[in-house]
Amino acid sequence: MDKETINKPATEPNNSQCGIFARGIVVSSTADAFERKDGSGVTVRVAHELALRPGMALFEQWLDPKTDARVSVQNLEVKKFPQLAEFKTVTLHAERYRVDDSKRLIITKATVLDSKV
């Protein structure tokens with residue numbers, strides 16, 4: 001066997017199978033509207049709490065009501081926002097995340113995958 005055959009991977013990794021996955025039950029979905037400091041408009045923070053084993057995770061989405069039709073705001077009150085079905089199992093493929101001081105997982109960018117449960 002030559003060196004090229006040995007060092008060559010058998011298959012290319014599939015990005016959908018790599019990374020951090022969080023699977024849990026959706027406990028709540030809330031939304032808050034904020035006025036930007038620079039005065040350029042309003043932004044909406046949508047937070048979904050997931051019950052994991054063990055602990056909790058928070059899936060945050062920051063949305064612009066001007067460009068995203070799923071969100072509607074009236075006088076800093078959120079009228080409509082994307083919600084995950086409560087008390088249903090959901091799987092997230094986390095692309096960006098952090099852990100806060102209380103050791104809770106906060107996912108800031110993820111893809112929602114279909115769940116089999």
Side-chain angles (χ1 to χ4, degrees):
M1 294 177 78
D2 57 0
K3 289 184 180 180
E4 290 181 21
T5 307
I6 295 172
N7 294 333
K8 185 177 179 184
T11 60
E12 291 294 321
N14 185 354
N15 288 339
S16 65
Q17 296 174 348
C18 301
I20 299 213
F21 292 85
R23 184 177 182 148
I25 298 173
V26 179
V27 177
S28 69
S29 294
T30 59
D32 300 314
F34 299 97
E35 191 73 39
R36 291 192 183 117
K37 287 183 180 181
D38 62 358
S40 64
V42 176
T43 188
V44 175
R45 176 187 161 261
V46 179
H48 309 281
E49 283 188 322
L50 302 174
L52 305 176
R53 283 191 200 157
M56 296 286 290
L58 185 68
F59 173 39
E60 289 183 332
Q61 296 174 299
W62 294 87
L63 306 172
D64 185 7
K66 292 179 184 176
T67 60
D68 197 341
R70 300 176 299 164
V71 180
S72 67
V73 177
Q74 188 176 45
N75 297 331
L76 291 181
E77 184 178 337
V78 181
K79 297 293 184 182
K80 182 178 83 169
F81 64 95
Q83 296 181 358
L84 297 176
E86 287 189 354
F87 306 113
K88 299 290 183 187
T89 303
V90 67
T91 304
L92 299 175
H93 181 212
E95 299 172 30
R96 188 175 299 157
Y97 62 93
R98 69 180 189 273
V99 178
D100 66 359
D101 294 336
S102 64
K103 306 283 191 248
R104 183 173 59 170
L105 177 66
I106 300 174
I107 301 168
T108 55
K109 185 176 180 186
T111 304
V112 179
L113 305 175
D114 292 332
S115 237
K116 295 183 182 180
V117 177

Enquirer: Would you name the heavy atoms of Val42 and Ala33 that are closest together and state the gap between them?
Expert: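 Closest pair (atom of Val42, atom of Ala33, distance): CG1-CB, 4.1 Å.
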Enquirer: How long is the gap from CZ on Arg23 to CG on Leu52, to the nearest 0.5 Å?
Expert: 11.5 Å
Enquirer: Answer with yes or no whether the hydrophobic clustering places Val112 together with Val26; edges join I, L, V, M, F, W, Y residues whose side-chain heavy atoms lie under 4.5 Å apart.
Expert: yes
Enquirer: Would a 4.5 Å heavy-atom cut-off, applied to side chains only, mark Leu58 and Arg104 as touching?
Expert: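 Side-chain contact under 4.5 Å: yes.
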Enquirer: Distance from Arg96 atom CZ to Ile20 atom CD1, nearest 0.5 Å?
Expert: 14.0 Å
Enquirer: At their closest point, which heavy atom of Phe34 faces which heavy atom of Leu76, and how far apart are they?
Expert: C-CD2, 4.2 Å
Enquirer: With Leu50, which of Leu105, Leu92, Thr91, Thr89 fulfils side chain to side chain contact (heavy atoms under 4.5 Å, CB included)?
Expert: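 By the side chain to side chain contact (heavy atoms under 4.5 Å, CB included) criterion, Leu50 pairs with just one of Leu105, Leu92, Thr91, Thr89: Leu92.
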Enquirer: Taking all atoms of both residues into account, what is the closest heavy-atom pair of Val78 and Ala31, and its distance?
Expert: CG1-CB, 3.8 Å
Enquirer: Do other residues, nucleotides or ligands put more than 12 heavy atoms under 6.0 Å from the CG atom of Asp101?
Expert: no
Enquirer: What's the shortest heavy-atom distance between Val90 and Leu113, and which atoms?
Expert: CG2-O, 4.4 Å
Enquirer: Rounded to the nearest 0.5 Å, what separation is found between the CZ atom of Arg70 and the NZ atom of Lys80?
Expert: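 It comes to 10.0 Å.
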Enquirer: Supply the atom-to-atom distance Leu63 CG to Arg45 CZ, rounded to the nearest 0.5 angstrom.
Expert: 11.5 Å
Enquirer: Roughly how far, to the nearest 0.5 Å, is the CZ atom of Arg53 from the CD1 atom of Ile25?
Expert: 7.0 Å
Enquirer: Which residue, Gln61, Glu60, Gln83, forms the side-chain hydrogen bond (donor to acceptor under 3.5 Å, both in side chains) with His48?
Expert: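 Going through the options one by one, the only one that passes is Gln61.
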Enquirer: Applying side chain to side chain contact (heavy atoms under 4.5 Å, CB included) to Ser29 and Phe81, what does each step give before you reach the verdict?
Expert: CA-CA 9 Å; Ser29 294; Phe81 64 95; 4.2 Å; yes
Enquirer: Could you please spell out the steps behind the side chain to side chain contact (heavy atoms under 4.5 Å, CB included) verdict for Val73 and Val44?
Expert: CA-CA 8 Å; Val73 177; Val44 175; 3.5 Å; yes
Enquirer: If you measure from the Lys or Arg side-chain nitrogens to the Asp or Glu carboxylate oxygens, is any gap between Asp64 and Arg36 under 4.0 Å?
Expert: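 Salt bridge present between Asp64 and Arg36.
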Enquirer: Working to the nearest 0.5 angstrom, can you tell me the gap between Phe21 CZ and Thr111 OG1?
Expert: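 Going from the CZ atom of Phe21 to the OG1 atom of Thr111 covers 9.0 Å.
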Enquirer: Counting only N and O atoms by type, is there a donor-acceptor contact under 3.5 Å from the side chain of Asn75 to the main-chain atoms of Glu77?
Expert: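 Looks like no, no N/O pair under 3.5 Å.
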Enquirer: The test is side chain to side chain contact (heavy atoms under 4.5 Å, CB included); show your working for Tyr97 and Ile106 and say whether it passes.
Expert: CA-CA 6 Å; Tyr97 62 93; Ile106 300 174; over 6 Å; no
Enquirer: Between Ala94 and Ala110, what is the shortest heavy-atom contact and its length?
Expert: CA-CB, 4.0 Å
Enquirer: Side chains of Glu86 and Ser28: donor-acceptor distance under 3.5 Å anywhere?
Expert: no
